[in-house]
Each structure stands twice: as structure tokens, then as C-alpha cells.
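Because the structure is predicted, anything quoted here is derived from the model rather than measured.
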Amino acid sequence: CGNKANKWKLLEIVFDGVKSSHFSRESLSVVYTADIKISQNADEYIIKRLEEIRKKEGKIPVILVTDDAGLRNDAFNLCSHFMSTFCFYDYLTKD
């Protein structure tokens, strides 16, 4: 991820997790949200971050990588593009 992250202004990867934590290096950020509501916490965090990005950055291109149809629906007006996790993996593993 680190090599590909340098091509982006920000690459933020969000996971549901047991404890909340955050790791950042250059343009790569990895976030583990606390698993309070079983997989909804990461979704809520993602929507909140998308709203913050839109407010701060305006209409910059934002790509949401997810296979979750509900999250895609909730984020529809906040993203410029959507990508499946398979396509994202393919992007990361190809030179």
C-alpha cells in the first residue's frame, strides 16, 4: 500500500477493530474503529470522514472501496467513484 499511496493525496484504509487505533505515514492512513456496533462503527466513521473531506476539500475526486451495498448507498453523494475490494486488490498488486 505504501508505494501506491504516494500516488494519492490521501489513501485512508478503515477497518472494524476491537480497539480504536490509527497509523499514518506520508499519504497513507490506516484506521481501526472500535467494534461497538458490529461493523456499523466503521461505516459511520467512513461517512463522517467523507463529509469532512467534502467540507474541507470541496469536489476533489474521492473513491470509496467497498463491497457493502448499504455503505455505497449512504455514501453515494459524497464520492466521485466506487471500487470493489477485488479491483482495489488488483490495483495494489499490479505494477
Side-chain angles (χ1 to χ4, degrees):
C1 276
N3 292 337
K4 299 286 182 160
N6 293 330
K7 296 179 180 183
W8 299 87
K9 182 174 182 177
L10 173 65
L11 176 59
E12 187 165 335
I13 301 173
V14 180
F15 297 99
D16 284 323
V18 176
K19 294 185 343 184
S20 294
S21 63
H22 185 260
F23 163 81
S24 290
R25 186 182 78 192
E26 298 171 10
S27 60
L28 174 63
S29 179
V30 179
V31 178
Y32 294 89
T33 61
D35 191 21
I36 297 169
K37 292 192 249 179
I38 306 175
S39 86
Q40 289 303 307
N41 206 33
D43 292 3
E44 291 170 4
Y45 174 86
I46 290 167
I47 295 298
K48 180 181 172 191
R49 284 290 293 137
L50 291 170
E51 290 170 345
E52 290 171 358
I53 290 167
R54 282 288 174 238
K55 186 176 182 179
K56 182 179 176 185
E57 303 289 341
K59 280 294 198 181
I60 64 165
V62 174
I63 300 169
L64 178 61
V65 177
T66 185
D67 293 324
D68 183 327
L71 178 57
R72 286 177 73 140
N73 187 50
D74 291 345
F76 184 78
N77 292 322
L78 299 169
C79 297
S80 38
H81 303 286
F82 295 96
M83 182 184 290
S84 71
T85 53
F86 177 80
C87 288
F88 183 64
Y89 174 80
D90 194 45
Y91 165 75
L92 289 177
T93 57
K94 288 190 176 179
D95 290 333

### Message
Any non-hydrogen side-chain atom of Ile53 less than 4.5 Å from a side-chain atom of Ile60?
### Response
yes

### Message
What I'd like to find out is whether the side chain of Asp43 reaches to under 4.5 Å of the side chain of Thr33, using heavy atoms alone.
### Response
no

### Message
Which heavy atom of Phe82 sits nearest to which heavy atom of Arg72, and what is that distance?
### Response
CB-NH2, 3.3 Å

### Query
Is it true that Lys55 and Glu52 make a salt bridge, defined as a side-chain N closer than 4.0 Å to a carboxylate O?
no

### Query
Under a 4.5 Å cut-off applied to non-hydrogen side-chain atoms, are Ser29 and Val31 in contact?
yes

### Query
Is Leu11 reachable from Tyr89 through a run of hydrophobic residues whose side-chain heavy atoms are each under 4.5 Å from the next?
no

#### Entry: Student check: side-chain heavy atoms of Arg54 and Val62 closer than 4.5 Å
yes

### Task
Looking only at non-hydrogen atoms, find the nearest pair between Thr66 and Asp68 and report the distance.
OG1-N, 3.0 Å

### Task
Kindly compute the distance separating CZ (Phe76) from CG (Leu71), expressed to the nearest 0.5 Å.
13.5 Å

#### Entry: Nearest-0.5 Å distance that lies between atom CD in Glu12 and atom CG in Leu64
11.5 Å

### Message
Distance check, rounded to the nearest 0.5 Å: Glu44 atom CD versus Asp74 atom CG?
### Response
10.0 Å

### Task
Give a yes or no on whether Tyr91 and Phe86 share a hydrophobic cluster (residues Ile, Leu, Val, Met, Phe, Trp, Tyr; joining criterion: side-chain heavy atoms under 4.5 Å apart).
no

